[in-house]
Amino acid sequence: MVKIGVPKETYPGETRVAIIPANVQQFKKIGAEVIIESGAGEKAGFTDAEYLEKGAQVVKTRKEVFENADVILQVRALGANPEMGKKDIALMREGQILIGFMEPFFAKDLVEEVAKKGVISFALELLPRTSRAQSMDVLSSMATISGYKAVLLAASHLPKMFPMLTTAAGTVLPANVFVIGAGVAGLQAIATARRLGAVVKAYDIRPATKQEVESLGAKFVELGLESQEAEDKGGYARDMGEEFYRKQREMLTKVVAESDVVISTAAVPGKKAPILITEDMVKNMKPGSVIVDLAAERGGNCELTKPGEVIEKYGVTIIGPVNVPATVPYHASQMYSKNITNFCMLFIKNGEININLNDDILSSTLLTKDGKLTNPIFD
Ligand code: NAD
């Protein structure tokens, strides 16, 4: 029987849990038992009693989880929880497997430390965006939640309503929403804003997104800058360089000024987010307008964003939310748990662990093994 350990999340403000009770049985079927720290699911709405009922073992301390488990599943490990993630390394042993978000691009020192311990670690940020990996794609799951929540944040700060209403008191015009970056979060933001009745425009440098934006009933803003070269072979945007971003800002100025709400999600993996909204562009927006900068954790797409804060400048509210999925912990945990369970099914079968590195999903997420850093991101 393989033992799966689920410690309580320790990052400040983290409310999610890596495994929810509904997935415990799925582990049973592959010959694995879930050992969970008491209270780990509480903030997400899952009680110890529910885990017990599904056949999990509930233990009192974090130490017991680490001591007994072959595989540790977390939402935030290593670089995604730098202070406590470092302390957890002391609880780990050679050959133990660690899986979760790890922010590997920004925490090489912690990755080196866990490698020295002989831990086999998999960073879920590095999952390939292929159809086979879709059922494990935690990035898409969490981005879906962020895109949805960004619109609700915007709507609750905007001094206007989103839908057009024709009433006895006159006509209320719909809000104009502009979404920058039409990846998973951006597309969900478009869909949510449309459901609330806003008029939505969107922009992305990857030309493939035009059709996706239009299929959701939004208008794609053509800047003439989009090109195939903006997309790498993994489907992600490339870093286009400062001159490109300068041109892009110039061309975005008018549409930003006309919008009541700007939701920005533009990101380049492993890099700081590009600045696409300058202070001058904010000055040109109408008073009462709202910017929700989903790139806040990566430095922000707006020059004025303060990560984790809501500020007002030139009459514009600028929201820099961090860890947005943790504000919807029930469904964020449900999706994360299903994804990570599917990931475990790649290497646990009939009660045994077998890591086949010819599997591209395992090889591309593997960070450390046999005391070494194995991932090409460190080359
Ligand atoms: P992301 O979070 O890395 O970036 C968000 C968006 O910002 C991307 O669409 C990117 O193109 C855009 N962006 C970057 N720089 C920009 C700029 N200067 N101006 C405007 N937009 C800019 O991306 P993501 O949401 O994780 O999605 C990455 C890709 O993976 C997409 O192509 C997505 O469709 C694809 N994907 C594929 C699968 C699958 O097939 N299994 C699953 C999920 C996502």
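Numbering starts at 1 and runs along the sequence shown. Just follow the structure's listing: the first ligand is 1, and inside any ligand the first atom is 1. Bear in mind the structure is a predicted one, so any value in this text is a computation, not a measurement.
Side-chain contact between Arg298 and Phe106: present, with at least one pair of heavy atoms (C-beta onward) separated by less than 4.5 Å.
If you number the atoms of ligand 1 from 1 as listed, the ones under 4.0 Å from a heavy atom of Ser140 come out as 42 (C), 43 (C), 44 (C). For ligand 1, the atoms closer than 4.0 angstrom to any heavy atom of Gln248 are 17 (C), 18 (N), 19 (N), 20 (C). Against a heavy-atom cut-off of under 4.0 Å, Val184 is close to the following atoms of ligand 1: 25 (O), 43 (C), 44 (C). Taking every non-hydrogen atom of Tyr245 and a distance limit under 4.0 Å, the qualifying atoms of ligand 1 come out as 18 (N). Close approach of ligand 1 to Thr130 (heavy-atom distance below 4.0 Å) involves ligand atoms 41 (N). Short contacts between ligand 1 and Tyr236, defined as distances under 4.0 Å to a heavy atom of the residue, involve ligand atoms 3 (O), 26 (O), 28 (C).
The distance criterion of under 3.5 Å between nitrogen or oxygen atoms is met by Gly235 with respect to ligand 1. The shortest N or O to N or O distance between Gly183 and ligand 1 is below 3.5 Å.
For Glu212, no heavy-atom contact with ligand 1 is shorter than 4.0 Å. Looking at Asp137 against ligand 1, only its side chain comes within 4.0 Å, counting heavy atoms. Here Ala182 has backbone heavy atoms under 4.0 Å from ligand 1, and that is the only part of it that gets that close. Of the heavy atoms in Arg129, both backbone and side-chain atoms come closer than 4.0 Å to ligand 1. Residue Leu276 touches ligand 1 through its side chain alone, judged by heavy-atom distances below 4.0 Å.
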Determine, step by step, whether Glu214 and Arg194 satisfy the salt bridge (Lys or Arg N to Asp or Glu O under 4.0 Å) criterion, reporting the C-alpha distance in whole Å, the side-chain angles of both residues, the deciding distance to 0.1 Å, and the verdict. CA-CA 12 Å; Glu214 288 173 349; Arg194 290 275 303 145; over 6 Å; no
Step by step, work out the salt bridge (Lys or Arg N to Asp or Glu O under 4.0 Å) result for Arg76 and Asp88. CA-CA 11 Å; Arg76 288 175 172 274; Asp88 283 344; over 6 Å; no
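Shortest contact from atom 15 (N) of ligand 1 to any protein heavy atom: Ile205 CD1, 3.7 Å. Taking atom 5 (C) of ligand 1 as the reference point, the nearest protein heavy-atom neighbour is Thr265 O, 3.3 Å. The protein heavy atom nearest to atom 8 (C) of ligand 1 is Asp204 OD2, 3.5 Å. Scanning the protein for heavy atoms near atom 22 (C) of ligand 1, the closest one is Ala266 CB, 3.6 Å.
Not a single heavy atom of Leu139 sits closer than 4.0 Å to an atom of ligand 1.
By the 6.0 Å contact criterion, CD on Glu83 is open, its count of non-hydrogen atoms from other residues, nucleotides or ligands being 12 or less. Within 6.0 Å of CG on Asn350 lie no more than 12 heavy atoms contributed by other residues, nucleotides or ligands. Atom NZ of Lys28 is surrounded by more than 12 heavy atoms from other residues, nucleotides or ligands within 6.0 Å. No more than 12 heavy atoms of other residues, nucleotides or ligands shown are found within 6.0 angstrom of CD on Glu352.
Remark: the backbone N or O of Val17 is paired with a side-chain donor or acceptor of Ser333 at under 3.5 angstrom. Under a 3.5 Å cut-off, the side chain of Asp293 and the backbone N or O of Asn301 do form a donor-acceptor pair.
In this comparison of Ala208, Ala295, Ala267, the heavy atom closest to atom 1 (P) of ligand 1 sits on Ala267. Residue Arg206 holds the heavy atom nearest to atom 11 (O) of ligand 1 of all those in Glu231, Arg206, Met240.
Here the closest non-hydrogen pair linking Ala123 and Pro104 is CB-CG, 3.9 Å.
At a threshold of 4.0 Å, the pair Lys254-Glu258 counts as salt-bridged, since one of the basic side-chain nitrogens sits closer than that to a carboxylate oxygen.
Each of Asp232, Asp360, Asp137 was evaluated against Arg129; a single residue qualifies, Asp137, per the salt bridge (charged side-chain N to carboxylate O under 4.0 Å, His left out) test.
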